[in-house]
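Step one of this worksheet: look at the structure below.
Note that the coordinates shown come from a computational prediction; the quantities given were computed from them, not determined experimentally.
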Amino acid sequence: MPASVLIVEDEPAILELIAINLQHAGFDALRAKSAEEAGRLLNDVLPDLVLLDWMLPGQSGLALARRLRGDARTRELPLIFLTARADESDKLAGLESGADDYITKPFSTKELVARIRAVLRRRKPQHGDEPVEIAGLRLDPSAHLVAGNGRPLALGPTEFRLLHYLLTHPNRVYSRAQLLDEVWGDHVFIEERTVDVHIRRLRQALAPSGHDALIETVRGSGYALRTAVVAPAVARG
Ligand code: CA
């Protein structure tokens, strides 16, 4: 069955161009000209991915993204922003809203299709469904739950995948590029600084139970998850 992509774009020519190219690439293309229309459509159909224009008349793309992330039914829906702005604060606002990727206009349809495939690929479960627990930090993939010392912790979808990867590969140092490969699936189009943003958010999410201390920044190398918090080395006499 072809993957379905909902395109939310108010420019009819761009909407049609994207839809035709996605169909040529083997996707089912669903169309909406506004966030409101997309919202109505999503009540009936759940696509495999949403391609969302940032600047829309009426409700903005960002507002729709936040609404989708706030609803249990659409929380996990992969989301790529189409934005004419390359502005850094918008990119960060998009990331905070839980977008999986951005594409800045103008873009090539080849690049667009490659990014859609990359997001769909990395959304597939990769590391098994067995719960994993280290030092009182437990992640249950099938229930999609994380708990620190039995206390539930709230993680975004990317932080969840990142933590799952680190918990199943502890005590090894991963560079940002390696983490992008392993967790994001295809790092060709994603800046390495994206990893830092998600590591910061992961630490914030783990802070209530103190498990943020398990995530170590290895200067000049990357990140590692330790199975225990290591105290600074003390010289012994
Ligand atoms: Ca627009």
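Counting heavy atoms from C-beta on, the side chains of Glu16 and Arg31 come closer than 4.5 Å. Side-chain contact check for Pro2 versus Asp28: some heavy-atom pair is nearer than 4.5 Å. Val50 has its side chain out of reach of Ile80: every pair of non-hydrogen atoms, C-beta onward, lies at least 4.5 Å apart. For the pair Glu76 and Pro157, the minimum side-chain heavy-atom distance is below 4.5 Å. At least one side-chain heavy atom of Phe160 sits less than 4.5 Å from a side-chain heavy atom of Leu139. Taking the side chain as every heavy atom from C-beta outward, Leu120 and Phe27 approach each other to under 4.5 Å. Using a 4.5 Å heavy-atom threshold, the side chains of Leu179 and Leu166 count as touching.
With salt bridges taken as basic N to acidic carboxylate O contacts below 4.0 Å, one links Glu9 and Lys105. Salt bridge status for Arg115 with Asp101: present, with a side-chain N to carboxylate O gap under 4.0 Å.
Residues Leu30 and Leu46 are members of one and the same hydrophobic cluster, defined by side-chain heavy-atom contacts under 4.5 angstrom among Ile, Leu, Val, Met, Phe, Trp and Tyr. By the rule that hydrophobic residues join a cluster once side-chain heavy atoms approach within less than 4.5 Å of another member, Leu49 and Ile103 end up as members of one cluster. By the criterion of side-chain heavy atoms lying less than 4.5 angstrom apart, applied directly or through intervening Ile, Leu, Val, Met, Phe, Trp or Tyr residues, Ile7 is not grouped with Leu17; the two fall into different hydrophobic clusters.
Annotation: the span from Ser209 atom OG to Leu153 atom CG amounts to 4.5 Å, rounded to 0.5 Å. Note: Arg200 CZ to His198 NE2 = 10.0 Å, rounded to the nearest 0.5 Å.
Taking the six-membered ring where tryptophan is involved, the planes of Tyr174 and His169 are perpendicular, since the angle between them exceeds 60° and thus also 30°.
Residues passing the salt bridge (charged side-chain N to carboxylate O under 4.0 Å, His left out) test with Arg176, sequence neighbours excluded: Asp196.
Apart from Val218 itself, the hydrophobic cluster it occupies contains Val173, where clustering links Ile, Leu, Val, Met, Phe, Trp and Tyr at side-chain heavy-atom distances under 4.5 Å.
Looking at Thr227 and Asn171, their side chains do bring a donor and an acceptor atom within 3.5 Å of each other. The closest side-chain donor-acceptor pair between Ser60 and Arg66, if any, does not fall under 3.5 angstrom.
Results of the side-chain contact (heavy atoms from CB on, under 4.5 Å) test with Leu51 over Leu112, Leu15, Leu6, Val8 single out Leu112 as the only residue that passes.
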